Amino acid sequence: MKNINWGKYSKPIILVVFIILLSILRPKAFLSLNNFSNVLWSVSVIGIMVSGTIFVFLIGGIDLSIATLCAFSAVVVVEVTHYLGDTPKAVAIGVAAALAVGLLAGLLHGIIITTFHIPAFLVTFATQSIFLGLAMVFTNNKIVSCTVPAFTAIGSRKILGFPMPVYFMIVIAVISWFVLRKTVFGRYVYAVGGNETAAAISGINTRRSAIMCYMISGLTTALGGIVLASMTQQASSSTGAGYTNDVITAGVIGGVSLLGGEGTVTGAIFGAVLMGLLNNGLNLLSVPSTHAGLVKGLVIIVAVAFDAMQHADQSRKKVKKVKKAQA
Amino acid sequence: MKKMNQTTMRRLISVGMLAVLVILFTILAGAGKGNFLHFDNLIEIVRDASIPAIIGVGVTFIIITAGIDLSTGSAMALVGMVMANIYEYTLWPFKVMVLCGILVGILCGLINGIIVAKLHVPEFIGTLATMSVYRALTYIIAIKDANGVIQSEPMTHSQYVWLGYGIGKFYYLIMVMLVVVVIGQIILRYTRYGTNLYSVGASKKAATLSGINVERVQMVAYIFTGFTVAIGAIFTTARLQSATTAIGTNFEFNPIAAAVVGGVALSGGSGDVIGTLIGALFMATLENGVRKLDMNTSYQYIIKGIIIIAVVIFDAVYKSRIDKAAKEQGAKEGLE
């Protein structure tokens, strides 16, 4: 093939252009060490979540409940910690409870979606409302704060100059990369996303794979909620608001196809970094966070439309090839 | 026993659900003045159901084509805010302001239509994206004071406030809702466009092959929804007598929920506007009853979510059973 695969190089190019642009526009604010760790914090939460939700994207599903599940798990960890008396042990149990909530939510999604063959967006659209209600009921519609040192350490303690969430993100991204690249289950995920019927015929238990994917997604979303609550030292029903879009956008920017079967963890993490920079950059350019939705929405539309066009192009090429071979 | 028609059966179920809910709340929250079962309260319920029902008519069209629209709440806020700007900064007559609002609504629908039908972006992703775009635009054009703090804009034009009232207890909103529902039902049942909507929803490929312009059918459905969103926005701002950036937050859930409860299958190709109206009444009754019982209003989010999942699961199971029965019958006839 003669034409250069722009898709392959576009990501680093976008990243470099973005960083240069911000360095020129806001050199002092952007290039400071303090800002650097701000970006890392923002990146790590999105990165943690997208490392898990990528499994759902890869099987052609979606999770619209990310933001409210994040809120609910944040509320659970804070409330359980309070209930058990704010000790380090209570924090550990609280974290475990929140992670269990995430896993259960994923299990619920997976079972409903695969048993009754209901579109994922619809199920997660409905559960989004349930998680929101649960978060509201548990907090009595207030903001609950938690300043137990053992808890706040999760989000704000620094090791070798980097905040803890960064290490979380790296560990989870590596695990996720390993599972997708080096395990049989990972191959199954791509196969199911590429063509579910073909995967089922070739003997893959597509149902079990799909349920596992939703559970992984729930787990990382809950972890994102815990980290977010720990960073802000509080939880409420609006913790994580907007993260549904951020995580989907990160995946899409990173080349994960929402139609399933395509995408890598490295791409998704790249997307998270770009989203973190975007959030930070818009912030530094004093664009209010309420306006950022415009940019993110447009990014999603352009990226997905481009993806859909490429898909149509590829299938057209395939048809041509087959016709040529027949002739 | 003669087997009941599938749509009749589904209609009976949604009416039954509504009836059960009304009876339940009558027992729990009581009848009489100030209680659940009282004329004033029932009219209040219909009034609350009206805006989800009006927008639900458009959303029903979209869902029949197997699409979805998650941007209705944000589009409502945008329409309201555009009208607020016209109210604040121009001396244009009231009618022109309303007309501009309707045009903005139609434009929002057109954009959704282009994204979905022309760019082939999956519906829920495309409209999820426009949801945040429209909301952001609302914030951008919101009326701010000298310090850049967003103000809620009071809109107290006498003709505008008039829209929030009605003849006695029969609010204009309810009348408009009934008109929109009737028009929607006529379009679905008695026009070629209505038939085309169902064929597109049943199978896009088959519709294309039989000469239907699928893209145009989808576009018109989104544009029509934009129109209904504008009507919803006009009445919401008229009732609140102001426009805020928070209008329609989490609203997109309501028309979809109404359609789902009313028997519009999200897989496309079935359901109608009357069903959506019943669904909207069901949701409004639920909200009202929860309020009347002095329950924490947060519970309604949980209850709504569970009801939607339950109804959707029911529809899926029901549909697979019917498909299976049809297949078996076909096989039997084939053997004979």
Side-chain angles (χ1 to χ4, degrees), chain A residues 60 62 64-65 68 108 112 115-141 237 242 244-246 248-249 252 258-259 286-309 311-312, chain B residues 66 68 70-71 74 111-112 114-116 118-140 142 148 150 245 250 252-253 256-257 260 266-267 295-317 319-320:
Chain A
I62 189 118
L64 298 183
S65 71
T68 57
L108 183 78
I112 295 176
T115 311
F116 304 106
H117 303 285
I118 302 170
F121 78 87
L122 186 60
V123 174
T124 52
F125 182 63
T127 54
Q128 154 205 256
S129 175
I130 297 177
F131 298 143
L132 177 68
L134 285 172
M136 283 177 162
V137 170
F138 271 71
T139 55
N140 226 341
N141 237 336
S237 57
T244 308
N245 259 354
D246 280 9
I248 294 175
T249 316
V252 168
L258 292 178
L259 311 169
S286 40
V287 177
S289 62
T290 46
H291 297 185
L294 184 67
V295 180
K296 291 176 196 169
L298 291 178
V299 166
I300 295 187
I301 295 168
V302 171
V304 177
F306 189 70
D307 191 30
M309 242 152 46
H311 264 264
Chain B
I68 195 113
L70 300 177
S71 71
S74 303
I111 293 168
N112 282 339
I114 290 172
I115 291 168
V116 169
K118 301 277 180 201
L119 300 178
H120 302 287
V121 173
E123 295 87 353
F124 63 93
I125 300 169
T127 55
L128 185 75
T130 53
M131 171 178 148
S132 64
V133 169
Y134 296 156
R135 180 69 65 187
L137 284 175
T138 309
Y139 276 102
I140 289 170
I150 291 173
T245 48
N250 294 333
E252 61 283 347
F253 199 79
I256 297 172
V260 169
L266 279 132
S267 45
M295 273 161 77
N296 184 342
T297 48
S298 315
Y299 280 109
Q300 74 186 24
Y301 290 102
I302 306 177
I303 299 172
K304 275 187 199 168
I306 292 174
I307 286 176
I308 293 189
I309 291 195
V311 171
V312 169
I313 288 178
F314 172 81
D315 277 348
V317 172
K319 189 165 177 274
S320 75

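In what follows, every chain begins at residue 1, and chains take the letters A, B, ... in the order their sequences are listed. Bear in mind the structure is a predicted one, so any value in this text is a computation, not a measurement.
- Contact annotation for B:I303: neither backbone nor side-chain heavy atoms come within less than 4.5 Å of a heavy atom of chain A.
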*A:L64/B:L70 under side chain to side chain contact (heavy atoms under 4.5 Å, CB included): CA gap, chis, key distance, verdict*: CA-CA 11 Å; A:L64 298 183; B:L70 300 177; 4.2 Å; yes
*Would you sort out whether A:V252 and B:I125 count as a side chain to side chain contact (heavy atoms under 4.5 Å, CB included), showing the intermediate values?*
CA-CA 11 Å; A:V252 168; B:I125 300 169; 5.8 Å; no
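- Classification of the B:F253-A:F125 ring pair by plane angle, with boundaries at 30° and 60°, yields tilted.
- Using a 4.5 Å cut-off between heavy atoms, B:D315 does not touch chain A at all.
- For A:L134, the parts lying near chain B are the backbone and the side chain together; criterion is any non-hydrogen pair under 4.5 Å.
- Here the straight-line distance linking atom CD1 of B:I68 with atom CG of A:L122 works out to 6.5 Å at 0.5 Å rounding.
- Within the model, atoms CG of A:N245 and CZ of B:R135 stand 12.5 Å from one another, a figure rounded to the nearest 0.5 Å.
- The contact between B:I115 and chain A is made entirely by side chain atoms (from C-beta outward), counting heavy-atom distances below 4.5 Å.
- For the atom pair A:L132 CG and B:N250 CG, the distance stands at 6.0 Å (nearest 0.5 Å).
- Here the CZ atom belonging to B:F124 is positioned 8.0 Å from the CD1 atom belonging to A:I248, to the nearest 0.5 angstrom.
- Taking chain A as the reference chain and counting heavy-atom pairs below 4.5 Å, the highest number among B:T245, B:I140, B:I308 is found for B:I140.
- Annotation: the span from B:I302 atom CD1 to A:T127 atom OG1 amounts to 12.5 Å, rounded to 0.5 Å.
- For a residue to count as touching a neighbouring chain, one of its non-hydrogen atoms must lie under 4.5 Å from one of that chain's; by this rule A:I112 touches chain B with the side chain only.
- Heavy-atom distances place both the backbone and the side chain of B:Y299 under 4.5 Å from chain A.
- We find the CD1-CG distance between A:I301 and B:L119 to be 8.5 Å, quoted to the nearest 0.5 Å.
- Neither the backbone nor the side chain of B:I307 comes within less than 4.5 Å of any heavy atom in chain A.
- For B:L266, the part lying under 4.5 angstrom from a heavy atom of chain A is the side chain only.
- For the set B:I256, B:I306, B:L137, B:V121, the entry with the most heavy-atom pairs within less than 4.5 Å of chain A is B:V121.
- Proximity to chain A involves both the backbone and the side chain of B:V312, based on heavy atoms less than 4.5 angstrom apart.
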